[in-house]
Protein chains: 2
Amino acid sequence: MHLGIDLDQGPLWLIEIKLLKIRANPKAGHLMTSLAACAGPEASSCQHGRSANGCDDCKVRLFSVCGALASSELDELDRISQVRTFAPKATLFEQDALAGSVFNVTEGVVRLCKSLPDGRRQIVGFALAGDFLGLALMDRYSVAAEAVTEVRACRFTRSAFLAYVDDRPHLLRRLHEFAGHELSLAQDQMLLLGRKTAEEKVAAFLLNLQARYGRIGTTSVNVPLPMSRQDIADYLGLAIETVSRTLTKLVRKKALVIVPDGVRLLSVTALEQLAA
Amino acid sequence: MHLGIDLDQGPLWLIEIKLLKIRANPKAGHLMTSLAACAGPEASSCQHGRSANGCDDCKVRLFSVCGALASSELDELDRISQVRTFAPKATLFEQDALAGSVFNVTEGVVRLCKSLPDGRRQIVGFALAGDFLGLALMDRYSVAAEAVTEVRACRFTRSAFLAYVDDRPHLLRRLHEFAGHELSLAQDQMLLLGRKTAEEKVAAFLLNLQARYGRIGTTSVNVPLPMSRQDIADYLGLAIETVSRTLTKLVRKKALVIVPDGVRLLSVTALEQLAA
DNA sequence: CGAACCGTTGATAGTATTCAAACCTTGTGG
DNA sequence: CCACAAGGTTTGAATACTATCAACGGTTCG
């Protein structure tokens, strides 16, 4: 066995699994959550968000809305943007509040929540690196956005961003493409919420997350779960206990193992069948 | 009591309700389904869709995406569009098919469905007059569209429409606004599907539909339900029996009465409380 | 060390589904 | 005109899946 080389195979975890319940190597846990945003094996040198050079060497640009912009246009985008960081549980914006800003997530995970007066909560999505918040450009936020992990994001005032977009139809076009994609994901989620069983929901959730990580970084059978079980439950329309029970059921079926801060998928094909 | 004058109060139904189970006047039923698209009392002279004059006197233009266009632009829109009608249960397009066309519904009701391999179905939305199908402008349809009632729609080939849009950023802007609204509705629906009880789902559905009818025609406590109970069930993530039972429960609570082809809301405030 | 939080597991309850049958409406054909 | 078939709706009884309530184990942090 080769140690510390193949990130994708997560050897540190393998060791932990075999040693049974030995305290997790904290570095391993960190590596897993980092996977969401980092591509390639040199995780230590991974720097997301804008550096001193601004958007030019932004790691998320190519798969984000900014990918529609020419290098010359990025300079002005730089000028109207500011990098902001949010601690876990911090609020980026609240449901129904006036939309003063829009954000482009460059690092970390954000949950998008809707709540009922009595406290019931539905998470309508998780935003990862490259995702744009406030895509609809509406004057009020329809959801709340809360940092799950430490989050880094480019912030624009909505008015400045609108002015910027108005001069650039190709960017609007790109925004619209992203909105269309979001809408399609929302429809998939409606199918999941309305018609799938708990097991199908959890399996589909894990596969989905894996695919999303793959699009922004390394494809791996290690799927970090930076969000809490309660978050997952509120995303899938389940009770927290049902999420927990279903995960252990999937473990018994040998479809996955639970590792610190996430899961390792043992049989993607089994999960795909379970996900319906 | 005044007969045949006040459409909004639906006097014909009142009579029927009081006579208890007397066979419904077929005209009354027809009036109700027409309410979805007709504003004002002269339902008989109501003509939706493009007439010989094209888009200019289209009844849905002002609250549809076309509302962003100047009169001069409508001429060219006319040229690339064709009016099409669909019989109930006809398919406008199928899930995952190449998106060859986009549609603007001018009359009738369309259901947007997603299905699982085993037949389970989720309706992700009902399109009414003024709604645009294919808003996302993606190259494949993410849902199937099926006529619930007789449907009239303006059809555009996707390529022609894309070319038309490319020359008109203000139309793209309007399309994006509509997409943002759709996304917001989808998020509301996720909250409903994931976190609401059967009673809350049904109450919210009826109030929502009433509000939508109000936006495109006459606000009325009469809410036509042209779709089947199965359709409602598949929209709300319930079994057909649960929808039926919940409706009769709402009748027992005196929140509404069931009339041919729809319901009449007796207490909107009661329903609003039940909808959470 | 204890409090707080998160996750897991067990027992129980409840809501919605499933299965089944009856009812109603509509359309067809004798 | 009535009988009958077909499709949709409603109602009833039993089941099942998931939620709720409760307790416990593990980790973190002061």
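The chains referred to below are lettered A, B, ... by the order of the sequence lines, with proteins before strands, and numbering in each begins at 1.
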Visitor: Output the rounded distance in Å from NZ (B:Lys196) to C1' (C:dA16).
Guide: 18 Å

Visitor: I'd like to know if B:Glu199 and B:Lys253 make a salt bridge, using a cut-off of under 4.0 Å between side-chain N and carboxylate O.
Guide: yes

Visitor: Counting any heavy atom closer than 4.0 Å, what does A:Leu238 reach on the DNA or RNA strands: base, sugar-phosphate only, or nothing?
Guide: sugar-phosphate

Visitor: Of the options C:dT18, D:dA19, D:dT9, whose atoms approach the side-chain atoms of B:Ala239 most closely?
Guide: C:dT18

Visitor: Compare every heavy atom of B:Leu256 with every heavy atom of B:Leu247, then report the nearest pair and how far apart it is.
Guide: O-CD1, 4.1 Å

Visitor: Assign each of A:Met227 and B:Ala198 to its nearest nucleotide of DNA chain C by heavy atoms, then name whichever residue's nucleotide is nearer the 5' end.
Guide: A:Met227

Visitor: Check the distance between D:dT11's C1' and B:Arg252's CZ and give it to me in whole angstrom.
Guide: 10 Å

Visitor: Between B:Asp231 and B:Arg121, does any side-chain N to carboxylate O distance fall below 4.0 Å?
Guide: yes

Visitor: Taking the side chain as C-beta and beyond, is there a heavy-atom pair between A:Val110 and A:Val148 under 4.5 Å?
Guide: no

Visitor: Could you check how far CD of A:Glu200 sits from C1' of D:dT18, rounded to whole Å?
Guide: 14 Å

Visitor: Please report the distance, rounded to the nearest Å, between CD in A:Gln230 and P in D:dT20.
Guide: 10 Å

Visitor: Using a cut-off of 4.0 Å on non-hydrogen atoms, how would the nucleic acid contact of B:Lys89 be classed: base, sugar-phosphate, or nothing?
Guide: sugar-phosphate

Visitor: What integer distance in Å separates A:Lys249:NZ from C:dT9:C1'?
Guide: 14 Å

Visitor: Can a side chain N or O of B:Thr248 be found less than 4.0 Å away from OP1 or OP2 on D:dT11?
Guide: yes

Visitor: Could you tell me the separation between the CD1 atom of A:Ile240 and the P atom of C:dC5, rounded to a whole number of Å?
Guide: 13 Å

Visitor: Taking the side chain of B:Glu241 as its heavy atoms from C-beta onward, which of C:dG7, D:dG12, D:dT20 lies nearest to it?
Guide: D:dG12

Visitor: Measure from the side chain of B:Arg245, starting at C-beta and using heavy atoms only, and say which of C:dT18, C:dT8, D:dT9 lies closest.
Guide: C:dT18

Visitor: For the pair made of CG in A:Leu236 and C1' in D:dT18, what is the distance, rounded to whole Å?
Guide: 13 Å

Visitor: Taking only side-chain nitrogens and oxygens of A:Ser244, does any of them come within less than 4.0 Å of OP1 or OP2 of C:dT9?
Guide: no

Visitor: What's the closest nucleotide to the B:Thr242 side chain, out of D:dT11, C:dT17, C:dT9?
Guide: C:dT17

Visitor: Once you round it to whole Å, what is the distance between C1' of C:dT15 and CZ of B:Arg195?
Guide: 15 Å

Visitor: Using the rule salt bridge (charged side-chain N to carboxylate O under 4.0 Å, His left out), only one of B:Arg111, B:Arg212, B:Arg215 pairs with B:Asp131; which is it?
Guide: B:Arg212

Visitor: Look at the side chain of A:Ser228 and decide which nucleotide, out of C:dT17, C:dG7, D:dT10, has an atom nearest to it.
Guide: C:dG7

